[in-house]
Amino acid sequence: MRTILNPTSLNEWLALLEKRHPNAIDLGLSRISLVAERLGLLPPASRVVTVAGTNGKGSCVAFLEHMLLFGNTTDHGNDNYHGNDNYVVGCYTSPHVTRYNERIRVAGKPVEDAIICQAFASIDRVCDDVSLTYFEYGTLAALLIFQQLDVDIALLEVGLGGRLDAVNIIDADVMVITSIDLDHQDWLGCDRESIALEKAGIARAGRPLVCGEQAPPTTLLPRLGEIGAEVCLLGSHAFHYEIKGETLNLTCTDNDGDKRQYADLPHPQLPVVSACCAVQAMLCLGIAPEHDTVRRAFAETQLIGRFQHVRCHGRNVVLDVAHNPAATGLLAERLQDYLERSGGARVLGLFGVLADKDVSGMIMPLLPVVSAWHVSDLDGVQRAASGEEIALALHRAGVDALTHRSVAEALSLIIGQMGINDLLVIFGSFYTVGEAMQVLDGEHTAGWTVA
């Protein structure tokens, strides 16, 4: 029998869990399902939404959380519901940017270290002969915490793929697939058609699945049909949006087949597809958000490291966790829009990335936008590409880059050399943004603020 250890802090627990299982990624549901059964923790809430997607899934969870916590709604899914103030919302997302606690939120706030440690200890006591990965421990901890805190609605972000991801032990009431693109090909397949099949694995027969991919791979809809999911596809007559200048109009459909019109909405700060999918998912859940709730969510919802604009020593900085070609393509569009609005300010890029990513593909969309490139090693991240490797990829694309040993070193140099109208964009990985935020947070007295 395995020895049960008793770490005294969250950091000690996390360090232990990183070493417990021989593989960082070990897809499959048999091991985690067995431990979940021993814990008796399924289901974790009375209603559950599972969100998958190559990009935009964390943003979709954020929009859902905002509407459920701060909005006015009409609930048709629970006859005993008497007002929006009664909702207790739990969110499980990954990865985190600076603190592990970001992954597990209840009532809009990260849970405390002690609560997570208690959950880890409870899981460890019943694991016995079952070896779990770091991510599987985290998933079970979130589900256990949601159950213990009597969460009404759990919002669960899929970590990798869908079919074999740990989150998929839950039979959700509503599923969302925000987008399907190339990432994690070693695990999910080398093309969109293969990846679509993996993401379709979150679907359940007779339950609604909201899909934000308006040009889905040819394999997706047939597979969802085989499963028997009730598909609500963005771009269809029942679910679509149109942009009208500075606003957009959104049409969704509720469970009774009635259209819901949300007109003159502001452009969201996060991906519009994620925002639209969140509204439709709410309706599929039996909850109808009022127009003002949707309007406020579109206007106010933000997320750490998603085109997050800060100022450091009077200079403009954007933090973005874009870590695949589709995400850097969206980043390039947003930077181009910024340039047009700011009168052609110079954009500097600071890029750090994991070695298994498509570095060349990530660079290409940004070449016309970024004027000067800086690349960095990622301190303490074994999976990271070296600055020299990234610089070589840029050189092959016809661009030279300055190489730095750490994000901290790079920031110190770049900020000191920036012009007052320049913009620095830091991107490529959650690790890259996380290290930058730690540096910026350490310089709080010198003045950095969310713009």
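One-based numbering along the sequence shown. Just the heavy atoms: all of them, side chains too, but no hydrogens, waters or symmetry mates, feed the values below.
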For [X] and [Y], test the side chains for any donor-to-acceptor distance below 3.5 angstrom and give the result as yes or no.
X	Y	answer
Tyr241	Thr251	no
His66	Glu300	yes
Asn55	Asn324	yes
Tyr100	Asn11	no

Donor-acceptor check, side chain of [X] to backbone of [Y], threshold 3.5 angstrom: yes or no?
X	Y	value
Thr301	Phe298	no
Gln438	Glu435	no
Tyr134	Leu14	no
Ser429	Val353	no
Arg334	Ala332	no
Ser122	Gln118	yes

If the condition is salt bridge (charged side-chain N to carboxylate O under 4.0 Å, His left out), which residues does [X] pass it with, not counting sequence neighbours?
X	result
Glu226	Arg223
Arg103	none
Glu65	Arg105
Asp292	Arg295

With [X], which residues qualify under side chain to side chain contact (heavy atoms under 4.5 Å, CB included), at least two apart?
X	result
Pro110	Asn101
Leu29	Ser33, Asn168, Ile169
Gln336	Leu339, Glu340, Val369

Taking side-chain hydrogen bond (donor to acceptor under 3.5 Å, both in side chains) as the test, write out the residues that go with Glu213, two or more places apart.
-> Arg192
What salt bridge (charged side-chain N to carboxylate O under 4.0 Å, His left out) pairs are there with at least one residue in [range], not counting sequence neighbours?
range	answer
residues 29-38	Asp26-Arg31, Arg31-Glu136, Arg38-Asp129
residues 168-177	Asp171-Arg204
residues 257-268	Asp254-Arg260

For residues 278-291, please give each side-chain donor-acceptor pair under 3.5 Å, one per line with the distance, not counting sequence neighbours.
residue, atom, partner, partner atom, Å
Gln280, OE1, Thr253, N, 3.1
Gln280, NE2, Thr253, O, 2.8
His291, NE2, Ala263, N, 3.3
His291, NE2, Ala263, O, 2.6

Taken to the nearest 0.5 Å, the spacing of Ile153 CD1 from Phe146 CZ works out to 12.0 Å
Indicate yes or no: does Arg47 engage Asp75 in a salt bridge with an N to O separation below 4.0 Å.
-> yes
